[in-house]
Each structure stands twice: as C-alpha cells, then as structure tokens.
Amino acid sequence: MNALPSQQHAPDQDQHFIVALIEELFARAVESGASDIHLEPLSTRLRVRFRCDGILREVQSLPQQWQAPLLSCLKIMTATLNIAEKRLPQEGRFELEQHGLDVRVATIPTSHGESMTLRLLNPRAFSQGLNKLGLDPNDLESLQQLLQRPDGLILITGPTGSGKTTTLYTCLQTLAAQGAKVMTIEDPVEYRIPGVNQVQVHEEIGLTFSHALRSLLRQATNKIMVGEIRDATTLESVLQASLTGHLVFSTLHTHDTASAVVRLKNMGASAASLATSLRAVIAQRLVRRHCEICTAYSEEMISKNPTCSHCRGTGFRGRMGIFEILLIDETLRHHLHHATSLDEWTHLARQRCTKSLHEDGMLKVAAGLTTVEEILKVTRP
C-alpha cells in the first residue's frame with residue numbers, strides 16, 4: 001500500500017494537512033479507476049479501501065485519531081450533511097471539479113464510529129456511445145432499433161451493481177442527441193445528463209414515482225425513464241404511459257429476462273397490458289476485462305516483467321457488460337395475451353432469447369476479453 005501524505009502531522013491541529021490528505025486520496029482513487037472510496041472505522045484504525053472493477057482492496061491504514069477530522073472535512077465539502085450528527089445515517093453529494101466527477105456521500109454509524117462511502121460518478125462512463133457497452137453487433141443493432149420505437153416498455157434487469165444505470169443513461173443520452181424530449185424520474189438522480197430533464201423523487205412531500213409520472217405525461221415528453229418499478233402503483237402508471245404514445249424505460253431486480261415478466265405478473269400486471277406494451281427485456285451483468293497492456297505483450301515479456309502498472313498486476317483493467325436480450329415478438333405476445341402458465345412462459349422465453357447471459361459471457365471468453373472464472377461469478381451454465 002502506498003503512503004498518503006506524511007503521517008507525522010497532528011490532523012486535529014492542522015486543517016491544511018487534512019485537506020491535502022483528501023486531495024491525495026481522490027487523486028489516487030481516480031488514477032486507480034476506483035468507483036468507490038470506503039472509510040471504515042475499526043477498533044484501532046481507520047481502514048481506507050478502493051473498489052476497482054468491482055473488487056474492494058485496502059489501500060491505506062490511518063491512525064484512529066484522524067477519523068473525526070477527516071470525516072468532518074468531507075461533510076463540510078458535502079454542505080448538506082450535519083457535522084454534529086453521528087447517530088443517524090446521512091446522504092449527500094458534491095462535485096469534484098478538478099477530476100470532472102460527482103461524489104455521492106453516505107454515512108452510517110457503526111460500533112467503532114461513523115463509516116463513510118464516497119461513490120465516484122463519472123459522466124464520461126456513458127458518453128462514449130452504445131457501441132462501448134459490450135454488446136455484440138447483432139444485439140447492438142437490436143437495441144438501436146428498440147430506441148427508434150415510438151412507444152412501449154423496455155426493461156433492463158439485473159442485481160445492484162450490474163451496470164443497469166450505465167446502459168440506461170447511454171440510451172437516454174443517445175435519444176437526447178437525436179432531438180427527442182427525454183425526462184427521467186429517479187431516486188436518487190445519480191448522473192446529470194446534458195439535455196435530459198431529470199426529476200428527483202421526494203416521497204416525504206408526496207412526489208412519488210407514480211405521482212411524478214402522471215405529471216410527466218402532460219409535458220409532451222417523447223421518452224421517459226422511471227428509475228425502478230417498486231410497487232403495483234408505479235407499474236400501473238408505467239404501463240399506462242407506454243400505452244399512450246411514450247417509450248418508457250425502467251429497471252427491475254431480477255436474475256434474467258424470463259423472470260422479469262413473472263415478476264410483473266406477480267405485481268399485478270394483466271396479461272393483456274403486458275402483451276400490448278412490453279417491447280423487450282434486457283438482462284445484464286458486469287465482468288472484469290483483460291488488461292489491454294498485459295495482453296499486448298507476449299508471455300515471455302510478461303514473465304520478465306510481471307508487474308503491470310496499468311492493472312497493478314491483477315491482469316484486469318475495466319469492466320464490460322454481458323447481455324441477454326428478449327425481444328417480444330408475435331409468438332411471445334400471443335402467449336402473454338393468452339395467459340400462458342408461468343412455467344410455460346419461462347421455458348418459451350428462454351428458448352427465444354438471442355442467447356443467455358452465460359452464452360454471451362463465454363463468447364467473450366472465446367474472444368479473449370475475459371476469463372471463464374469471471375463469467376462463472378455472475379452466471380450459471
């Protein structure tokens with residue numbers, strides 16, 4: 001672990017030292033390509049960890065007495081957090097202008113003091129276009145055709161941390177660049193997208209997903225994104241919007257494309273409304289990508305210099321998506337409309353997917369982009 005600024009200062013007496021410490025911490029995180037910084041109080045020290053390509057690794061161990069001034073300074077940078085409040089979780093955000101990042105801050109009290117997570121949000125992650133998502137040419141063409149549909153519902157599914165937000169925002173930015181009026185309803189608004197009207201949910205004052213969506217329909221909006229379908233009320237509003245001339249995007253936390261439809265039915269969606277409104281379901285996961293620098297050298301060169309500064313000797317740098325796309329064609333629409341049993345639907349849907357998540361992952365292994373172990377972490381044969 002590389003050292004941060006000199007540890008011989010007394011941070012509670014030297015505010016400049018704490019500021020320098022924070023600046024160095026962010027600089028190292030950005031250089032490492034980290035998505036999160038975790039400041040975790042332990043019994044005798046403050047542990048600092050970076051999440052790089054989905055993997056947490058410890059980068060520094062700081063003296064326990066630095067915990068309070070360090071977290072207080074970060075709270076001041078966030079502005080909306082209460083420095084004196086250490087008993088309740090808090091959330092906020094601030095801009096890291098020198099690195100072009102938004103930082104989402106979340107604190108939670110633990111047995112050894114407050115733990116803080118800093119999520120580094122990079123708008124450039126979805127500004128490179130649809131062809132950077134990791135879709136193969138056929139799936140990319142299918143997605144591009146879906147974006148040209150005038151109405152209907154497109155679902156993106158997967159667990160937390162599977163890249164759904166990046167895929168959604170890339171689609172929305174593509175549509176906004178084409179001149180469509182795009183609006184979103186989110187909780188929270190993670191990235192700010194130029195040209196897109198984004199609405200933050202505030203349930204405490206009654207601005208729920210379903211309430212906001214009803215208002216959006218009166219804004220002459222072409223394309224709508226609802227961050228997540230969480231309940232039957234939101235689902236009803238989403239389906240109604242997709243049936244009245246709007247192309248609606250949303251997400252569900254399901255394992256694959258077939259189970260997304262099962263989830264919607266269990267939430268109360270009628271067979272007829274699903275058959276009429278649903279256009280496609282896209283399931284995805286993220287896997288680590290082989291380091292481009294390492295793979296550029298022969299095995300002989302790597303054996304002579306096994307430590308790559310680009311990937312820090314891990315062999316991986318960056319992540320890519322693996323995808324499963326279910327296009328709702330006439331056959332599937334017929335089975336939806338006639339209320340095929342859930343078991344029959346699941347079997348039929350899995351047959352008609354372009355390919356499964358596992359199959360897409362293994363194709364990327366064959367192309368030399370990742371490893372079998374990476375695919376088996378997130379999929380089943």
Charged N to carboxylate O below 4.0 Å: is that the case for Glu114 and Lys75?
yes
Distance-only, no hydrogens or angles: does the Thr221 side chain make a donor-acceptor pair with backbone N or O of Leu217 under 3.5 Å?
no
Under the side chain to side chain donor-acceptor pair (under 3.5 Å) rule, what do Asp139 and Ser142 come out as? Steps first, then yes or no, please.
CA-CA 5 Å; Asp139 287 344; Ser142 295; 5.0 Å; no
Does Glu58 pair with Arg45 as a salt bridge, N-O distance under 4.0 Å?
yes
Write down the atom of Ala241, the atom of Val248, and the distance for their closest heavy-atom approach.
CB-CG2, 4.0 Å
Whether the side chain of Gln284 engages the backbone of Glu324 through a donor-acceptor N/O pair (distance < 3.5 Å, no angle test) should be reported.
no
Kindly determine whether Ile83 and Ser72 satisfy side-chain contact (heavy atoms from CB on, under 4.5 Å), including the steps that lead there.
CA-CA 6 Å; Ile83 298 178; Ser72 293; 3.8 Å; yes
Side-chain heavy atoms of Lys86 within contact of Leu71, under 4.5 Å:
no
Within the supplied structure, the quantity of interest is the number of heavy atoms (other residues, nucleotides, ligands) at a distance under 6.0 Å from Gln198 CD; does it exceed 12?
yes
Salt bridge or not for Lys355 and Asp136, using N-O below 4.0 Å?
yes
Checking Thr276 side chain against Ser273 main chain: does a donor-acceptor pair fall under 3.5 Å?
no
Show, in sequence, the C-alpha distance, side-chain angles and deciding distance for Ile375 and Leu357, and conclude whether the side-chain contact (heavy atoms from CB on, under 4.5 Å) test is met.
CA-CA 9 Å; Ile375 303 304; Leu357 283 164; over 6 Å; no
Would you call Asp53 and Arg289 a salt bridge, taking side-chain N to carboxylate O under 4.0 Å as the test?
no
Salt bridge (Lys or Arg N to Asp or Glu O under 4.0 Å) involving Arg380 - partner list, sequence neighbours excluded:
none
Close side-chain approach of Ile224 and Leu213, heavy atoms under 4.5 Å
yes
Exceeds 12 heavy-atom contacts within 6.0 angstrom, atom NE2 of His255
no
Steps toward salt bridge (Lys or Arg N to Asp or Glu O under 4.0 Å) verdict (Asp360, Lys364):
CA-CA 7 Å; Asp360 189 43; Lys364 290 180 168 65; 3.0 Å; yes
Output yes when a side-chain donor or acceptor of His211 lies under 3.5 Å from a complementary backbone atom of Gly206, and no otherwise.
yes
Thr371 (side chain) donor-acceptor with Glu374 (main chain) under 3.5 angstrom:
yes
Hey, any chance Leu369 and Leu140 share a hydrophobic cluster, counting ILVMFWY side chains that come within less than 4.5 Å of each other, even indirectly?
no
Is any side-chain heavy atom of Asp256 closer than 4.5 Å to a side-chain heavy atom of Arg350?
yes
For the residue pair Thr174 and Gln144, establish whether any side-chain heavy-atom pair is separated by less than 4.5 Å.
no
Any donor-acceptor pair under 3.5 Å linking the side chain of Thr78 with the backbone of Thr80?
no
Atom pair CG/CD1 of Leu74 and Ile18 - distance to nearest 0.5 Å
9.0 Å
When you look at Asp329 and Arg352, which way does the salt bridge (Lys or Arg N to Asp or Glu O under 4.0 Å) test go after all the steps?
CA-CA 9 Å; Asp329 57 17; Arg352 299 187 73 82; 2.6 Å; yes
Tell me whether the count of non-hydrogen atoms from other residues, nucleotides or ligands lying under 6.0 Å of NZ in Lys132 goes above 12.
no
Any side-chain heavy atom of Val365 sitting closer than 4.5 Å to one from Val372?
yes
Over 12 foreign heavy atoms within 6.0 Å of CD, Glu85
yes
Are any non-hydrogen side-chain atoms of Leu147 and Phe249 less than 4.5 angstrom apart?
yes
Whether the side chain of Lys265 engages the backbone of Leu274 through a donor-acceptor N/O pair (distance < 3.5 Å, no angle test) should be reported.
no
Rounding to 0.5 Å, atoms CG (Leu278) and CG (Leu327) come to a distance of 10.5 Å
Donor-acceptor pair, distance only, cut-off 3.5 Å: does the side chain of Glu359 make one with the backbone of Ser356?
yes
Heavy-atom check, side chain of Asn266 versus side chain of Val262, under 4.5 Å
yes
Is it true that a side-chain atom of His112 and a backbone atom of Thr110 form a donor plus acceptor pair closer than 3.5 Å?
no
Tabulate below the donor-acceptor pairs under 3.5 Å that side-chain atoms of residues 97-105 make, not counting sequence neighbours, or state none.
from   : atom 1 : to     : atom 2 : distance (Å)
Asp102 : OD2    : Arg93  : NH2    : 3.4
Asp102 : OD2    : Arg192 : NH1    : 3.2
Arg104 : NH1    : Glu190 : OE1    : 3.3

Of all heavy-atom pairs between Gln200 and Pro188, which one has the smallest distance, and what is that distance?
OE1-CA, 3.4 Å
Could you check whether any side-chain N or O of Thr370 sits under 3.5 Å from a backbone N or O of Arg288, counting only pairs where one atom can act as donor and the other as acceptor?
yes
Nearest heavy-atom pair of Thr107 and Leu88: which atoms, and what distance?
OG1-O, 4.2 Å
State the NE2-CZ distance between His38 and Arg57, to the nearest 0.5 angstrom.
12.0 Å
Parallel under 30°, tilted from 30 to 60°, perpendicular over 60°: which one fits the rings of Phe94 and Phe26?
perpendicular
Thr251 and side-chain contact (heavy atoms from CB on, under 4.5 Å): which partner among Thr165, Leu168, Ile229?
Leu168
Kindly give the heavy-atom pair with the smallest separation between Gly33 and Arg317, and that separation in Å.
N-NH2, 4.2 Å
Considering all heavy atoms of both residues, which atom of Pro194 and which atom of Gln173 are nearest to each other, and what is their separation?
CD-NE2, 4.2 Å
Evaluate the criterion side-chain contact (heavy atoms from CB on, under 4.5 Å) for residue pair Ser61 and Arg47; output intermediate values, then yes/no.
CA-CA 5 Å; Ser61 180; Arg47 180 171 64 182; 6.0 Å; no
Are the charged groups of Glu330 and Arg333 less than 4.0 angstrom apart, N to O?
yes
Quick check: closest heavy atoms across Gln60 and Leu62, and the distance to 0.1 Å?
CG-CD2, 3.5 Å
